[in-house]
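The block underneath contains the structure these notes are about, expressed in structure tokens.
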Amino acid sequence: MAAPAVVFVSPATVPRPSTTAEHRRATLRGLDSCRSMPELRQYHSQLIRLGLSEDNDAVGRLIKFLALHPSGDLPYALHLLGLLPRPDPFVFNTLLGALPSPAESLLLYSDMLLRYVAPNSFTFPSILKPISAGRDIDAGRQVHAHVLKLGFHPDVFSQNNLIRFYLSCGLTVDARRVFDTMARTDVVSWTTMISGLSKLGSVDEARELFDRMPERNSVSWNAMIAGYVQCGRFKNAFELFSRMRTEGIELNKFVAASMLAACSGMGALEQGEWIHGHIERMGIELDPKLGTTIIDMYCKCGCLDKAFKVFRGLSCRGLSSWNCMIGGLAMHGLGKEAVKLFDEMMKEEVIPDDITLLNVLSACAHAGLISEGRHYFYYMVREFRIEPKMEHFGCMVDLLGRAGLLDEAKQVIQEMPMDADAGVLGALLGACKIHGNVDLGEQIGRRVIELDPLNSGRYVLLANLFASAGRWDDAAEVRRLMNDRGVNKEPGCSMIEMGGVVSEFIAGSKSHPQAREIYVMVDEMLERIKAEGYAPDTSGVLHDIDEEEKENPLYYHSEKLAIAFGLLNTRSGDTIRITKNLRVCRDCHAASKLVSKVFDREIIVRDRNRFHHFMGGECSCRDYW
DNA sequence: CTAGGGTTAG
């Protein structure tokens with residue numbers, strides 16, 4: 001049956017219902033499907049004409065639209081509430097949840113009490129929404145007191161929202177207290193705890209709850225999987241995912257998105273492709289978020305062409321899709337292409353944000369596009385009205401410094417409106433290392449270490465800078481400082497996926513089942529590239545930009561082990577993909593170039609900063625990294 | 001022909 005005709009065009013066309021009650025009903029139904037402000041105004045005037053301006057139900061629907069719809073009008077909603085002689089809890093509840101700040105929400109709540117409107121079980125979840133979002137601890141505690149005072153503690157909805165509130169404020173103990181004393185919990189109580197604890201870094205505590213919970217749905221599974229992904233524990237995410245599959249839980253788009261992020265983190269292309277395939281097989285629609293997650297997966301797994309294909313195929317592209325694609329091109333050193341895509345985005349009149357510009361600047365930095373970088377940096381405020389943040393300055397320092405324009409980089413730091421953080425100064429330090437400016441590097445390096453005393457990379461970089469200048473005593477002193485502070489070097493680790501299985505290698509480690517063959521292969525590999533002119537870069541023990549254990553011979557850096565494993569499991573013409581946690585060192589970079597030529601493989605290495613595509617003895621970064 | 005509003009996942 002067709003929907004009943006509702007009237008908001010002109011009085012002449014209005015079909016006249018026989019009774020006012022019928023008229024009222026039709027108007028209320030129509031209001032529920034109202035989609036725009038002009039339409040709403042028509043309904044409002046109609047309500048007034050029907051004498052319904054004091055009708056809670058009717059005006060309540062108006063308020064609901066005004067409060068919740070994106071094109072709504074909160075002040076108007078509050079105004080209407082003020083006109084109601086006997087507002088009911090519903091009207092208050094709707095507005096309590098829609099107000100932007102905890103203070104306003106709390107104020108309206110006290111207004112509600114002053115007008116003798118009794119809160120019901122919908123009231124506390126509503127008011128806790130802005131309070132949780134605004135992390136207002138005092139407001140939340142007051143609400144908690146009222147939940148108890150007014151006897152709503154048996155209400156699971158209210159309790160679940162108190163848990164959410166405490167977790168959003170980082171108050172794990174309070175959240176736990178509510179959770180542990182609940183007479184009845186439901187799946188949402190458990191899932192809220194799991195998700196909240198994970199976001200606060202207590203994934204293991206979350207996992208204990210997950211294992212104990214009486215009933216799990218796909219939301220619970222995904223909350224736990226996402227928890228692992230967010231803290232970088234991809235292996236745990238994969239383990240849990242396969243358990244989820246064996247238990248026959250639906251792989252919906254949320255789980256797919258989480259797992260795609262896990263694949264991105266590990267650079268696990270085959271797994272990622274499988275998830276993408278599953279999304280297609282299941283006919284799951286690509287919303288902008290999911291589409292972007294797939295694009296990100298392909299970018300971070302080294303498959304730019306596939307990322308582009310998905311990007312081009314998206315029916316609904318969000319800003320983040322553009323940002324992601326531009327960032328992907330940047331990571332792969334394709335600066336010109338990134339700038340081109342940015343131009344295309346401008347032509348389509350998509351409004352860029354700070355991330356867009358950051359990615360454009362980073363694209364310029366990775367490709368050495370100095371003048372383009374300067375252009376976008378100086379014009380981002382004027383043309384796009386985007387104020388540069390710390391990261392933008394860092395990017396500029398990186399761009400200029402890497403190109404050897406140390407003075408200009410220094411000038412950027414001096415002129416920036418905030419104090420440079422360790423990231424920005426670290427970029428300058430890196431540039432000093434590349435260009436052998438020991439004096440500036442020493443000065444900057446010491447400041448970076450004080451700003452970021454727990455980051456091993458900073459010490460290593462400064463020590464290496466001293467070592468490269470022959471200042472061994474200074475280098476040793478920096479190392480001593482690092483050791484005294486108990487800062488440990490992050491061990492270099494390389495991952496490679498073969499047949500859907502991810503193998504991890506740590507420098508010098510022999511724990512892999514094929515370790516013997518791999519080490520034999522490394523030796524053969526090095527012999528064969530030596531014939532092509534490879535000379536191990538052993539100039540000084542601490543010579544590399546970063547960071548693999550100097551105690552381990554250069555030859556058994558994790559990257560070389562991973563390449564050897566890749567060679568054992570591929571044939572001539574194949575591609576080997578490796579993901580590293582640190583930056584690729586100079587020696588491994590040189591070796592990889594030659595291996596790609598001698599063994600006829602394309603080797604794609606993702607390091608901490610960017611991608612290197614080695615082929616035919618060359619690297620896509622043109623040694624500019 | 002007195003409903004309408006609230007919580008967990010990317």
Side-chain angles (χ1 to χ4, degrees), chain A residues 17 19-26 28-29 31-32 55-65 67-68 77 87-98 105 119-133 147 152 155-165 167-168 178-179 185-199 206 209-210 213 215-230 237 244 249-262 264 275 279 284 286-294 296-297 318 320:
Chain A
T19 65
T20 41
E22 211 172 301
H23 208 154
R24 174 179 178 276
R25 252 196 357 258
L28 294 191
R29 260 202 304 267
L31 247 173
D32 285 339
D55 181 309
N56 275 326
D57 188 4
V59 179
R61 284 167 211 255
L62 282 178
I63 290 178
K64 177 187 157 197
F65 179 91
L68 301 177
D88 66 5
F90 165 83
V91 198
F92 276 102
N93 293 343
T94 310
L95 272 165
L96 283 174
S105 198
N120 63 18
S121 60
F122 287 83
T123 305
F124 300 104
S126 299
I127 192 177
L128 282 167
K129 195 174 163 181
I131 288 174
S132 299
V147 169
F152 284 92
D155 180 61
V156 182
F157 252 110
S158 298
Q159 299 289 57
N160 288 348
N161 278 283
L162 282 169
I163 294 176
R164 179 174 75 134
F165 152 70
L167 290 171
S168 71
V178 175
F179 179 75
T185 55
D186 61 10
V187 133
V188 178
S189 325
W190 291 81
T191 308
T192 306
M193 286 296 293
I194 289 166
S195 162
L197 287 172
S198 301
K199 286 191 175 110
L209 288 178
F210 180 81
M213 67 192 289
E215 243 187 82
R216 303 177 193 97
N217 58 22
S218 65
V219 183
S220 333
W221 281 92
N222 188 45
M224 196 61 241
I225 290 174
Y228 280 131
V229 175
Q230 283 153 12
M244 189 191 97
I249 311 290
E250 172 206 18
L251 201 185
N252 64 21
K253 70 167 172 173
F254 293 100
V255 178
S258 298
M259 288 312 298
L260 284 167
S264 303
I275 309 264
I279 289 169
I284 295 172
L286 295 193
D287 60 44
K289 243 179 174 171
L290 186 58
T292 304
T293 311
I294 298 173
D296 193 45
M297 182 276 292
S320 65

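Sequence lines set the chain letters: A, B, ... in the order given, protein chains first and strands last, and positions in each chain run from 1. Just so it is clear, the structure is predicted and the values come from calculations on it, not from any experiment.
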Would you say [X] reaches [N]'s phosphate, i.e. side-chain N/O to OP1/OP2 under 4.0 Å?
| X | N | result |
| --- | --- | --- |
| A/Lys289 | B/dG10 | no |
| A/Arg61 | B/dA3 | no |
| A/Gln230 | B/dA9 | no |
| A/Lys253 | B/dA9 | no |
| A/Ser195 | B/dA9 | yes |

Checklist line | Side-chain touch A/Thr185/A/Phe179, heavy atoms, less than 4.5 angstrom | finding: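 Touching, per the 4.5 Å side-chain cut-off.
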Note to self: Within the structure provided, determine whether A/Asp57 and A/Arg24 are in side-chain contact (heavy-atom separation under 4.5 Å).
What the structure shows: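 Heavy-atom side-chain distance check passes, below 4.5 Å.
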Which of these nucleotides, [options], is closest to any side-chain atom of [X]?
| X | options | value |
| --- | --- | --- |
| A/Val187 | B/dA9, B/dG5, B/dT8 | B/dT8 |
| A/Lys64 | B/dA9, B/dG5, B/dG10 | B/dG5 |
| A/Arg164 | B/dG6, B/dT7, B/dA9 | B/dT7 |
| A/Arg25 | B/dT7, B/dC1, B/dG5 | B/dC1 |
| A/Ser121 | B/dG6, B/dG5, B/dG10 | B/dG6 |
| A/Leu290 | B/dG10, B/dT8, B/dG6 | B/dG10 |
| A/Phe254 | B/dG10, B/dG6, B/dG5 | B/dG10 |
| A/Asp155 | B/dG6, B/dT8, B/dG4 | B/dG6 |

Note to self: I'd like to know whether the aromatic ring centres of A/Phe210 and A/Trp221 sit less than 6.0 Å apart in this structure.
What the structure shows: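 Yes - the distance between ring centres of A/Phe210 and A/Trp221 falls below the 6.0 Å cut-off.
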Measure from [atom1] on [X] to [atom2] on [N] and round the result to the nearest Å.
| X | N | atom1 | atom2 | value |
| --- | --- | --- | --- | --- |
| A/Asp57 | B/dT2 | CG | P | 9 Å |
| A/Ile194 | B/dT7 | CD1 | C1' | 15 Å |
| A/Ile284 | B/dA9 | CD1 | P | 19 Å |
| A/Ile294 | B/dG10 | CD1 | P | 16 Å |
| A/Leu209 | B/dT8 | CG | P | 17 Å |
| A/Ile249 | B/dA9 | CD1 | C1' | 14 Å |
| A/Asp296 | B/dG10 | CG | C1' | 12 Å |
| A/Glu250 | B/dA9 | CD | P | 17 Å |

Check: Could a donor-acceptor pair under 3.5 angstrom be found where the side chain of A/Asn93 meets the base of B/dG4?
Finding: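 Counting by modelled atom types and ignoring angles, no donor-acceptor contact under 3.5 Å is found here.
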Checklist line | Under-3.5 Å donor-acceptor pair between A/Asn160 side chain and B/dG6 base | finding: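 Donor-acceptor pair under 3.5 Å: no.
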Check: Under the 5.5 Å and 30° test, is A/Trp221 stacked on the base of B/dA9?
Finding: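 No, A/Trp221 does not stack on the base of B/dA9.
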Check: Between A/Phe152, A/Phe157, A/Phe165, which is the residue that forms a ring pair (Phe, Tyr, Trp, His ring centres under 6.0 Å) with A/Phe124?
Finding: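 Exactly one pass, corresponding to A/Phe152.
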Check: After noting the C-alpha distance and the side-chain angles of A/Asn160 and A/Asp186, does the key distance pass the side-chain hydrogen bond (donor to acceptor under 3.5 Å, both in side chains) rule?
Finding: CA-CA 9 Å; A/Asn160 288 348; A/Asp186 61 10; 3.2 Å; yes
Check: Can you tell me if A/Ser126 and A/Asn93 form a side-chain donor-acceptor pair at under 3.5 Å?
Finding: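 No pair is found: no donor N or O on one side chain lies under 3.5 Å from an acceptor on the other.
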